[in-house]
Amino acid sequence: MAQSLQPFHTFSLPSHCQHFHQIDDVEQLVNTDFSAPFCILGEGSNTVFLTDYQGTVIYMATKGIEIEELNDHFLLHVAAGENWHQLVSMTIANDMPGLENLALIPGTVGAAPVQNIGAYGVELEKFISYVEYFDIASASINRLSKEQCLFGYRDSIFKHALKNKAVITKVGLTLPKQWQPVLHYGPLQQLHNPTAQQVFEQIIATRNSKLPNPSELANAGSFFKNPVISNEQLADLLKNYPDMPHYFVDAQHHKVAAGWLIEQAGLKGHRIAGVEVHQQQALVLVNHGNSTGDDLIAMVNYVQQHVWQKYHIALQHEVRLMNADHECHIHLESQI
């Protein structure tokens with residue numbers, strides 16, 4: 001029987017799947033049929049179903065947090081179905097700081113390593129001890145170290161070599177007892193000798209002021225990746241756009257702010273059917289309803305084309321887009 005997916009992804013396009021399989025215990029994965037198309041889903045905050053899905057949605061709902069206290073750090077063993085922000089809140093409340101910059105990022109713990117979530121100058125990989133996963137081919141539980149996860153900017157082995165081959169079941173996080181706040185990003189610079197609780201509260205206030213609540217206005221959070229460009233291209237752009245925000249990546253590259261590019265291209269408030277570039281934060285696309293996957297694709301193309309025409313930067317979407325039987329990528333049309 002078809003299951004509506006509208007309540008299971010925060011962009012909330014009308015869509016259905018053929019089969020819906022909720023996982024409350026890792027043992028259930030052994031008896032799950034992975035032969036047909038399948039999509040692994042947490043809270044659906046980084047996934048959009050563009051159309052009906054002709055396969056099985058595997059909904060990870062496993063729970064459990066185990067805390068080990070060692071001499072110089074805490075080691076947390078967290079089930080994939082746990083809510084990410086609730087985990088961050090728990091660590092701050094229990095005097096285990098470190099994750100505060102990642103507060104209020106939507107989604108589950110199991111989804112977090114896939115794209116190496118990050119915000120306000122901190123990325124998840126900094127705290128990863130291991131990622132445990134169910135290997136579909138061998139029906140066994142395996143564990144990868146942080147190094148084996150091949151983390152990059154919004155990237156990991158789970159997007160490449162292990163894509164559609166693994167189901168993340170548990171994440172190990174190391175929180176050092178010697179806490180050092182990371183305050184070099186945006187509104188955090190105004191804080192002086194803050195506690196982790198104060199950083200946590202500032203992050204929440206900042207995110208709430210900029211980002212719409214998906215339960216009130218359907219969205220999938222930051223829709224586009226911040227592009228990484230060469231120092232040469234950055235130098236050329238700064239001649240014409242001296243206020244362009246940019247961040248050091250390595251000796252050859254800087255990262256520029258996708259939201260700034262979209263806003264400066266005059267796209268805030270642009271609307272196609274019910275899909276709109278958010279009025280307060282141009283990095284977010286929102287769904288007012290009465291929209292289809294085709295409307296969203298048209299909007300992504302529109303944004304990509306206008307940013308390319310203005311800056312010769314090709315934007316990539318961060319959100320996972322699912323069509324009838326697999327994940328798809330919307331690339332800039334014909335200009336490149």
Side-chain angles (χ1 to χ4, degrees), residues 45 65-78 82-109 112-113 115-130 146 151-154 171-213 221-222 225-226 228 234 238 242-251 253-260 263 280-284:
S45 58
I65 302 171
E66 180 188 338
I67 301 169
E68 278 187 72
E69 183 172 359
L70 302 167
N71 286 339
D72 56 357
H73 65 276
F74 297 96
L75 178 58
L76 278 58
H77 309 273
V78 189
E82 290 284 350
N83 175 273
W84 175 259
H85 177 66
Q86 289 175 10
L87 172 69
V88 177
S89 300
M90 183 277 293
T91 60
I92 299 301
N94 287 279
D95 200 22
M96 295 183 289
L99 301 177
E100 55 281 341
N101 289 51
L102 305 179
L104 222 58
I105 294 178
T108 58
V109 169
Q115 62 161 10
N116 186 21
I117 60 171
Y120 299 99
V122 173
E123 291 189 332
L124 176 65
E125 65 173 294
K126 177 180 178 181
F127 303 102
I128 290 285
S129 172
Y130 67 84
K146 172 164 68 175
F151 288 119
Y153 173 59
R154 301 296 172 270
V171 177
L173 298 170
T174 298
L175 301 179
K177 291 182 178 178
Q178 285 288 93
W179 176 68
Q180 283 289 112
V182 178
L183 306 173
H184 58 264
Y185 210 103
L188 300 179
Q189 295 174 347
Q190 67 197 38
L191 300 177
H192 299 289
N193 298 319
T195 64
Q197 179 72 31
Q198 288 170 326
V199 177
F200 177 71
E201 290 170 0
Q202 179 69 60
I203 295 288
I204 290 173
T206 302
R207 289 184 75 94
N208 280 334
S209 70
K210 292 167 58 176
L211 301 171
N213 185 335
S222 299
K225 295 180 184 179
N226 289 325
V228 176
L234 176 64
L238 289 174
D243 297 331
M244 178 181 285
H246 54 280
Y247 309 95
F248 178 84
V249 173
D250 57 37
H253 300 90
H254 274 71
K255 186 165 58 179
V256 292
W260 187 92
E263 180 175 352
Q280 277 72 51
Q281 172 52 275
L283 192 55
V284 176

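If you read the sequence from its start, that first residue is 1, and numbering goes on from there.
In this view, E123 and R154 satisfy the salt bridge (charged side-chain N to carboxylate O under 4.0 Å, His left out) rule, not counting sequence neighbours. Partners of H253 by side-chain contact (heavy atoms from CB on, under 4.5 Å), not counting sequence neighbours, listed by chain and number: V228, V249, D250. N213 pairs by the side chain to side chain donor-acceptor pair (under 3.5 Å) definition with S215, not counting sequence neighbours. Residues passing the side-chain contact (heavy atoms from CB on, under 4.5 Å) test with T206, sequence neighbours excluded: Y120, P187, Q202, K210. The salt bridge (charged side-chain N to carboxylate O under 4.0 Å, His left out) search around E201 returns none, not counting sequence neighbours. Applying the side chain to side chain donor-acceptor pair (under 3.5 Å) test to D95 and every residue at least two apart in sequence or in another chain returns nothing. Residues forming a side-chain contact (heavy atoms from CB on, under 4.5 Å) with A258 (at least two apart in sequence, or on another chain): F224, N226, P227, L283, L315. Remark: Q86 pairs with N83 by the side-chain contact (heavy atoms from CB on, under 4.5 Å) rule, at least two apart or across chains. Residues passing the side chain to side chain donor-acceptor pair (under 3.5 Å) test with R207: none are found, sequence neighbours excluded. Among residues two or more places apart in sequence or in another chain, the side chain to side chain donor-acceptor pair (under 3.5 Å) test is passed with Q280 by H278.
Within the 4.5 Å cutoff, the side chain of W84 has heavy atoms near those of the L124 side chain. At a threshold of 4.5 Å between non-hydrogen side-chain atoms, the residues P113 and F151 count as touching.
Looking only at distances, no side-chain donor or acceptor of N101 sits under 3.5 Å from a matching main-chain atom of V122.
Contacts classified as salt bridge (charged side-chain N to carboxylate O under 4.0 Å, His left out) and involving residues 183-197 (residues at least two apart or in different chains) are not found.
Ring pair F248/H254 is perpendicular by interplanar angle, where above 60° counts as perpendicular and below 30° as parallel.
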Donor-acceptor pairs under 3.5 angstrom involving side-chain atoms of residues 171-182: please list them, not counting sequence neighbours.
from	atom 1	to	atom 2	distance (Å)
K177	NZ	E69	OE2	2.9
K177	NZ	L70	O	2.8
W179	NE1	E100	OE2	2.8

Between E68 and H77, does the side chain to side chain donor-acceptor pair (under 3.5 Å) criterion hold? Intermediate values first, please. CA-CA 8 Å; E68 278 187 72; H77 309 273; 2.6 Å; yes

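Here L87 contributes atom CG and T108 contributes atom OG1; the two are 11.0 Å apart, rounded to the nearest 0.5 Å.
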